[in-house]
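Counting convention: from 1, in listed order, for ligands and their atoms alike.
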Amino acid sequence: MKLIEGAPIAETVYRECLASFAELKAAGHLPGLAVVLVGEDPASKAYVAAKDAKCRELGMHSVKIEKPASISQAELLAEIDRLNADPAIHGILVQMPLPAHLDTDEVIRRIDPAKDVDGLHPVNLGKLAMEDPSGFAPCTPAGCQRMLVESGIETAGKNVVIVGRSLLVGKSLALLMMGKGRGGNATVTVAHSRTRGLASVARGADILVAAVGIPRYLGADHVREGAVVIDVGINRIADASRKSGSRLVGDVDFDAVAERCEAITPVPGGVGKMTIAMLMANTVRACRMRVGL
Ligand code: NAD
């Protein structure tokens, strides 16, 4: 069994970013990312801090905007308008989920598609469906695809089963993997909460992707001998043996399936590492496109 770790593949993406960066710098441009955090959700705070830290580490311009959970829709939209108009900002990410009183769709639609480095604006999702390379693909699915490519795992003609149909992960990854580009040309099945006979559907996969949001939900019954497993899940479960009292696990029961897999991603240390890397790559590309490089 081969362990597909995220860190070395993310490093490859960062090296590409830095090379692209050097070229931008020489031409007098600095890529800038703004991350908007609304409220005090601890997981969201941690994600935003990690994105900000990585931006700074790479030498990019990073702006972290923190707003109280009580912010009104109009105030948040005004903040987006301000960032859309700011020439130093090439990428805008609004950390999800937003508090329930805010209209998430309207917020995403307000972001200038050319700055939508999270790839969730309808224009970018449309470009994803149309395989228009000028769009931005959502970072987590793009990261999953990159992991497969960098690990030398052939996807063309393979049966891929994705469990989970969210726009953020499952549905977008299905579009990427059925596309004609690198890491595409797969025969994709998307399973979800209403799928009947999930285990038998999942066992049909040469490549099984778990994006369910239920700790260790997919076990040995769901994985055929020799399959490749990409575990997108990030779930915090109680663990009395840890000082913190908890630990992170994926949507796949790693111990139960690892031995039967050809390759598998760990949690933590797998797909999670790729999401930020793809965000940085999208931001650098947004800057290049803006300045015409
Ligand atoms: P979501 O809740 O939006 O979607 C979950 C999907 O799973 C839904 O489409 C649902 O139909 C499906 N589902 C739910 N119960 C099911 C069942 N019993 N059988 C089959 N399908 C079922 O979640 P999401 O945003 O797509 O995230 C999925 C997981 O990926 C979560 O664990 C999340 O934390 C993780 N995630 C990780 C990253 C990362 O950077 N690694 C990024 C985003 C999400």
query = Where on V212 is there a heavy atom closer than 4.0 Å to ligand 1, on the side chain, on the backbone, on both, or on neither?
reply =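 For V212, the contact with ligand 1 is made by both the backbone and the side chain.
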For [atom], find the nearest protein heavy atom and state the residue, atom name and distance (0.1 Å precision).
atom                    : answer
atom 35 (C) of ligand 1 : V232 O, 3.4 Å
atom 18 (N) of ligand 1 : Y217 OH, 2.9 Å
atom 42 (C) of ligand 1 : T140 OG1, 3.2 Å
atom 44 (C) of ligand 1 : V169 CG2, 4.0 Å
atom 25 (O) of ligand 1 : L168 CD2, 3.8 Å
atom 1 (P) of ligand 1  : S166 CB, 4.2 Å
atom 10 (C) of ligand 1 : S193 N, 4.1 Å
atom 9 (O) of ligand 1  : R165 N, 2.8 Å

key: Stepwise side chain to side chain contact (heavy atoms under 4.5 Å, CB included) test for D116 and N282   = CA-CA 9 Å; D116 168 44; N282 277 351; over 6 Å; no
request  = Please determine, by modelled atom types, if K158 and T187 share a side-chain donor-acceptor pair under 3.5 angstrom.
outcome  =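 On atom types as modelled, these side chains do not qualify, holding no pair under 3.5 Å.
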task = Examine the side chains of S246 and D239 and answer whether a donor and an acceptor come within less than 3.5 Å of each other.
result =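 No pair is found: no donor N or O on one side chain lies under 3.5 Å from an acceptor on the other.
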query = According to a 4.5 Å side-chain heavy-atom criterion applied to Ile, Leu, Val, Met, Phe, Trp and Tyr, with indirect links allowed, do V38 and M96 form part of one hydrophobic cluster?
reply =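 Yes, one cluster joins them.
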ask   = Is it the case that one hydrophobic cluster holds both L77 and I92, taking links as side-chain heavy atoms less than 4.5 Å apart, direct or via other members?
value =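 Yes, because L77 and I92 connect within a single hydrophobic cluster, where side-chain heavy atoms sit under 4.5 Å apart.
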query = Mind checking whether T195 has a heavy atom under 4.0 Å from ligand 1?
reply =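 Not so, T195 does not reach ligand 1.
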query = Quick one: does A211 get within less than 4.0 Å of ligand 1, heavy atoms only?
reply =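 Yes, that is the case, since the closest heavy atom of the residue is under 4.0 Å from the ligand.
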What's the shortest heavy-atom distance between [X] and [Y], and which atoms?
X    : Y    : value
S72  : L102 : C-CD2, 3.8 Å
G164 : V190 : O-CG1, 3.6 Å
A211 : V169 : CB-CG1, 3.6 Å

Using a strict 4.0 Å cut-off to heavy atoms of [X], name the atoms of ligand 1 that fall inside it.
X    : value
V163 : 20 (C), 21 (N)
T275 : 39 (C), 40 (O)
G272 : 40 (O), 41 (N)
N235 : 32 (O)
G164 : 6 (C), 7 (O), 9 (O), 12 (C)
D251 : 29 (C), 32 (O)
G213 : 28 (C), 29 (C), 31 (C), 32 (O)

request  = Starting from Y217, walk the hydrophobic network (Ile, Leu, Val, Met, Phe, Trp, Tyr; side-chain heavy atoms closer than 4.5 Å) and list everyone else you reach, by chain and number.
outcome  =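 Joined to Y217, directly or through intermediates: M1, L3, V161, V163, L198, V201, L208, V212, I214, L218, V223, V229, V252, F254, V257, I264.
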key: Apart from L279 itself, residues in the same hydrophobic cluster as defined by side-chain heavy atoms under 4.5 Å   =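 Its cluster partners, ordered by chain and number, are Y14, L18, F21, L24, L30, L33, V35, L37, V48, L58, M60, L93, V117, I276, M280, V284, V291, L293.
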query = Would you say atom 23 (O) of ligand 1 touches the protein, meaning some protein heavy atom is under 4.0 Å from it?
reply =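 Within 4.0 Å of atom 23 (O) of ligand 1, no protein heavy atoms are found.
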ask   = So among L168, V232, I234, which one has a side chain to side chain contact (heavy atoms under 4.5 Å, CB included) with T140?
value =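 Exactly one pass, corresponding to V232.
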ask   = Testing N124, L120, T283 for side chain to side chain contact (heavy atoms under 4.5 Å, CB included) with F136, which one passes?
value =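 Between F136 and the candidates, side chain to side chain contact (heavy atoms under 4.5 Å, CB included) is satisfied uniquely by N124.
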ask   = Can you find an N or O of I234 that's nearer than 3.5 Å to an N or O of ligand 1?
value =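 Yes; the residue has a nitrogen or oxygen that sits under 3.5 Å from a nitrogen or oxygen of the ligand.
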